[in-house]
Amino acid sequence: MPPRRSVRAKGPAYKKGDYIEYDYKGNLVTGKLNKKSLNGTEANPIWIVTPMDRRRRDEEIHEKLLGKVISAIEAMNNRGPKLGSKDGEKEASLSRQ
């Protein structure tokens, strides 16, 4: 009988070219994954992200700080930072229900 192995739920699998949301100074912004940075490790990768608002240069962001993967259409519509913080968005969505 083969040995039992635990099955862990993996987080989102990011790949080059994905559009993602991430936190920048308390605001939720949109960016595109360029490539993995040479400064990261296999266990803790760092991605080079190009912000969609084009006001900043490429940024190095740890993979665990990246948010959800979004569509290209959604990324084009969200070029500027969203108003309010991530906590404010959660409160607003709860108040709408």
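Residue numbers count from 1 along this sequence.
- For the residue pair Y19 and S71, the shortest heavy atom distance occurs at CB-O, 4.3 Å.
- Considering all non-hydrogen atoms of both residues, E60 and S37 come closest at OE2-OG, 3.0 Å.
- Heavy atoms only, all atoms of each residue included: Y22 and T30 are closest at CE2-C, 4.1 Å.
- Expressed to the nearest 0.5 Å, how far NZ of K32 lies from NZ of K16 amounts to 9.0 Å.
- For the atom pair CG of L33 and CG of L66, the computed distance is 6.0 Å after rounding to the nearest 0.5 Å.
- Closest approach of R56 to P51, counting heavy atoms only: NH2-CB, 3.4 Å.
- Between the CG atom in D53 and the CG atom in N27 there is a gap of 10.0 Å [rounded to 0.5 Å].
- The line from CE of M52 to CD1 of I70 is 8.0 Å long, rounded to the nearest 0.5 Å.
- Pairing each heavy atom of Y14 with each of G67, the nearest pair is OH-O, 2.5 Å.
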What side-chain donor-acceptor pairs closer than 3.5 Å can you find for residues 41-50, not counting sequence neighbours?
from	atom 1	to	atom 2	distance (Å)
T41	OG1	N44	N	3.0
W47	NE1	E63	OE1	2.9
T50	OG1	N34	ND2	2.7
T50	OG1	D58	OD1	3.0

